[in-house]
Amino acid sequence: MGRLALTRVLLLIPVLLGVSIFIFLLMRMIPGDPAIIIAGENATPEMLKEIRDEFDLDEPLIIQYITFMRNLFSGKVVSIKTRRPVFEELFPRFLNTLQLTLFSMAIAVPLGMILGVLAAAYRNSFLDNFVMVLSLLGVSMPVFWLGIILILIFAVQLGLLPSGGKEGFESLVLPSITIAFALTSMIARMTRAMMIETLSTEFIRTAKAYGLPRRKVIYKYALKNVMIPIVTVIGLQFGYLLGGAVLTESVFGWPGIGRYIVDGIFARDYSVVQTGIMFLSAVFVLVNLGIDILYMFLDPKIRRGVGKS
Amino acid sequence: MREKILEINHLQIRFDTEDGVVKALEDVNLELYSGEILGLVGETGCGKSVTSQSVLRLLPTPPTRITNGSILFHGKNLLEMPEEKMNDIRGGKIAMIFQEPMTSLNPVFTIGEQLEDVIALHRKVDRKEANVIAVKSLVDVGLDDAEVILSKYPHELSGGQRQRVMIAMALSCQPEVLIADEPTTALDVSIQAQILSIIKHLKQDHGMAVLLVTHNLGVVAQVCDRVAVMYAGYVVEKGDKFDVLKTPLHPYPRGLLESIPRSRKVRELRSIPGSVPNLINPPEGCRFHPRCPFSTGVCDREVPVLEEAAPGHFVACHHWRRLNP
Amino acid sequence: MKSRLDSVRKIYGRLKKNRLAVVGLWIIIILVITAVFAPLIAPYDPNEQDLLSSLEGPSLAHPMGVDFFGRDVFSRVIWGARVSLTISLVAVAISAVVGTILGSLAGFYGSVLDEVIMRIMDVFLAIPSILLAIAIVAVLGPRTSNLILAVSVSTIPEFSRIARSAVLVEKNKEYIEAARAIGESRLSILFRYALPNSMVPIIVQASLRMATAILSVSGLGFLGLGVQPPTPEWGTDLSLARTYLEIAPHAGIFPGIAIFLSVIGFNFLGDGLNEALNPKLKDR
């Protein structure tokens, strides 16, 4: 198992290297002279030269890339606009996104699993149909629109909650619900499908053939089997949300990392964009790694090795 | 005298599928006496597994519909029993083992957890006592390192060990009837013999009645007392093992036995010309008539009834007298 | 050939029985009709400004009200269908074709090619897809062609994974061996046998991806990176309406409903197709 985990870690390196190269090249594709973009239209020739030296812009691409990577690892990447180290700006933003994500998951994970299990247990009942339709609506709802509707109702009409910003617990509620809606739907659908599949397996037939009560068959024997893949799905969603909450952050003016990067894109601040996307990709693959390891731990087939056959 | 423990009368089962209604069982009549092993044989798709699973009502409804018949256990109809009472029967009075020991055990619980759950439920004991019983049951089926086995997950055991665990689970609740659905089909030949001898001992030492479903006539010859032959949803012949195997009356088992090379030990039922009929549109009359060398006009019109040809020896064929002068 | 026709008929039969799928199909049909006949259906020119009636609520003359620039929201929603559908359809088609080809090649040839292709896919999967789309559009400029590129790039890995695993399953089947034995070239085997049989999951995925693509296009529009004004596009219009939400919610609500409904249509259909093609999922 230890070796398996190590292999996974080593596999991350080429992926992250690939991400860095891709993002680096993408940013070089911005039309126009990068020095002018950095310094602005009114820059003097001296300023341009200074910038060219600082960013090695006259050197071949490969040197520029190495400089970028060196700066990245030493934490020396500086925002082109604010001239402050990117990490210093980025990290608090990331924590904000993390807070939002965790809070949404705290709503969506238990709710989604309960709905999914109940829908599978009472298959083709009214409850099942209700959960299925609701969850299909949930995954179809554009988050930015849902956010706007929630603001209209709870902030504008009822005045119960703030419409945006980040001030205290209240400001967390609406964006969390917005994210949790789709997330709950997804988890409920996934749980239901896996639960139904598990309930038709032969070992569940065995449990039934030995008179174990339906409750125990569903909530113990079937559920534990479903938990393992569900954990994976939830973990993946967690990874996606950390980078994908841009739209929600934008609707609610939540100072998260997604918005930070988007602002960087608009400002043509490529230090911010490169570092931000690298950072999120690294977080994403690390989260996935964590899930893989958790999965190995949960699944007795991997944890306890393959037995004599 | 021998007591009739389990009695299946006129059992008729339908499956609703997209392609039409599958007439899986038409008229199945079987009885299981205390202390005997009854072999239920037939080709794949003849309805023998369906019959065995219907006893504990394990077939999912829908798509399954039981359209006629009764299954009496000590005279009480299992098909009309409320679900909670049925759960006392399942495992407690009638236990079942399945063909695939690999997939019949839950992969994410240890053997101990699964065995003890069942024992605690039916023997009404606490966890500790359940553990003692589990150990004893495993030793009974020849798994001497019982404590180790209990701490293992199914994937850590061999196929033979898993099937023994399944038998131990069945045994642990001291049921009156064991239904074994092709218990050796998925196992190596050498292990098959061991499992069969354990089942034989269950009968002898614990007085269990066994319904053994198999497609292998060799298995029947080895362990059964009586045998019932199924074809396309009907029991076509049943009786004492020696009667049926030595002097089969129905053309179907006759064909099967003739087609077996005498020298081969493992006897498969595959060599009669023609194939098992499609049960969505089964043949009219006797369902075997399209493959039967002796069929006449009556065979494709009328369904033959199961009649007692000799004491305890039943056959369902219009021409059994003509064929067995 | 007959058996394939039969199975198509069977799948259609199952699809018809799935109420949600039928609803989805109807939504899509209406959507397509709206997009094709937008000039005939829309009561006004979507860009015609009547500043005097700016932000007026729904009325008989303007069933969905008027936006800030005095444009008829109903007409813009109808024309928006054309823009959203076209961009999403082209993007999904491109990523389905590219992804399927890459995935099939990886699955069929295996070894080094497989490693290289799938590692590259991993790279794209590691970048949050919405940020990837945003970055591409931001760098290359918000032209329609770049939008299509941005939306399709993040969908390619999904298709290639599906095609790869489907081809891997088919690859070891007997008929492939038989085809090879009679001397067909490997590539022709791939395209004649293995690929058609992996179409099923790819079609399901394409329908579900249409839903995601519509969301991405409108999401980019909402961030100001999508289709540029004054072209009518739901996300872009919604973003504009946001500023005046408190006084004129209709200008935002209706484009949102349009996005929501179209996404529902494709999700319902994709889901229904999935069940119809994999009857195991729903054998009742």
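Letters go in sequence order (proteins before strands), and every chain restarts at 1. Only this structure's heavy atoms are used, side chains among them; waters, hydrogens and symmetry mates stay out.
No side-chain heavy atom of C/Leu131 sits under 4.5 Å from any side-chain heavy atom of A/Val273. Inter-residue side-chain proximity for C/Arg119 and A/Leu11 is flagged as met; some heavy-atom pair is nearer than 4.5 Å. When side chains are defined from C-beta on, C/Arg242 counts as touching A/Ser250, because their heavy atoms get closer than 4.5 Å. Using a 4.5 Å heavy-atom cutoff, the side chains of A/Phe144 and C/Ser218 are in contact.
Of the atoms belonging to C/Phe260, heavy atoms from both backbone and side chain fall under 4.5 Å from chain A. A/Leu152 touches chain C through its side chain: at least one heavy atom from C-beta onward sits under 4.5 Å away, while N, CA, C and O do not. Contact of A/Val19 with chain C is made through backbone and side chain together, with heavy-atom distances under 4.5 Å. Proximity to chain C involves both the backbone and the side chain of A/Val139, based on heavy atoms less than 4.5 angstrom apart. For A/Leu26, the parts sitting under 4.5 Å from any heavy atom of chain C are the backbone and the side chain alike. For A/Leu242, no part lies near chain C; criterion is any non-hydrogen pair under 4.5 Å. If you measure heavy-atom distances from C/Ala135 to chain A, the contacts under 4.5 Å come from both the backbone and the side chain. At a 4.5 Å heavy-atom cutoff, the contact between C/Leu140 and chain A is made by side-chain atoms alone. Heavy-atom distances place the side chain of C/Ile130, and not its backbone, under 4.5 Å from chain A. Contacts between C/Phe124 and chain A at a heavy-atom distance below 4.5 Å involve the side chain alone, from C-beta outward. Contacts between A/Val15 and chain C at a heavy-atom distance below 4.5 Å involve backbone atoms as well as side-chain atoms. Proximity to chain A (any heavy atom under 4.5 Å) is shown, for C/Ile136, by both the backbone and the side chain.
Within 6.0 Å of CZ in A/Phe154 there are 12 or fewer heavy atoms belonging to other residues, nucleotides or ligands. Within 6.0 Å of CZ on C/Arg161 lie no more than 12 heavy atoms contributed by other residues, nucleotides or ligands.
The candidate with the highest count of non-hydrogen atom pairs below 4.5 Å against chain A, out of C/Leu125, C/Leu20, C/Leu223, is C/Leu223. Options C/Ala138, C/Ala126, C/Pro128 differ in how many heavy-atom pairs under 4.5 Å they form with chain A, and the most are formed by C/Ala126. Looking only at heavy-atom pairs under 4.5 Å with chain A, the residue among C/Val263, C/Leu261, C/Ile257, C/Val139 that has the most is C/Val139. When each of C/Ile214, C/Ile120, C/Val123 is scored by its heavy-atom pairs under 4.5 Å with chain A, the top score falls to C/Val123. Options A/Val251, A/Leu146, A/Leu17, A/Ile21 differ in how many heavy-atom pairs under 4.5 Å they form with chain C, and the most are formed by A/Val251. When C/Leu225, C/Asp271, C/Asp122 are compared by the number of non-hydrogen pairs under 4.5 Å with chain A, C/Asp271 comes out ahead. Ranked by heavy-atom pairs under 4.5 Å with chain C, the first of A/Val133, A/Leu137, A/Val262 is A/Leu137.
Here the closest heavy-atom approach between residue A/Ser140 and residue C/Leu215 is recorded as O-CD2, 4.2 Å. When all heavy atoms of A/Trp145 and C/Ile253 are compared, the closest pair comes out as NE1-O, 3.4 Å.
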Stepwise side chain to side chain contact (heavy atoms under 4.5 Å, CB included) check, A/Phe22 with C/Leu132: CA-CA 10 Å; A/Phe22 175 77; C/Leu132 179 61; 3.3 Å; yes

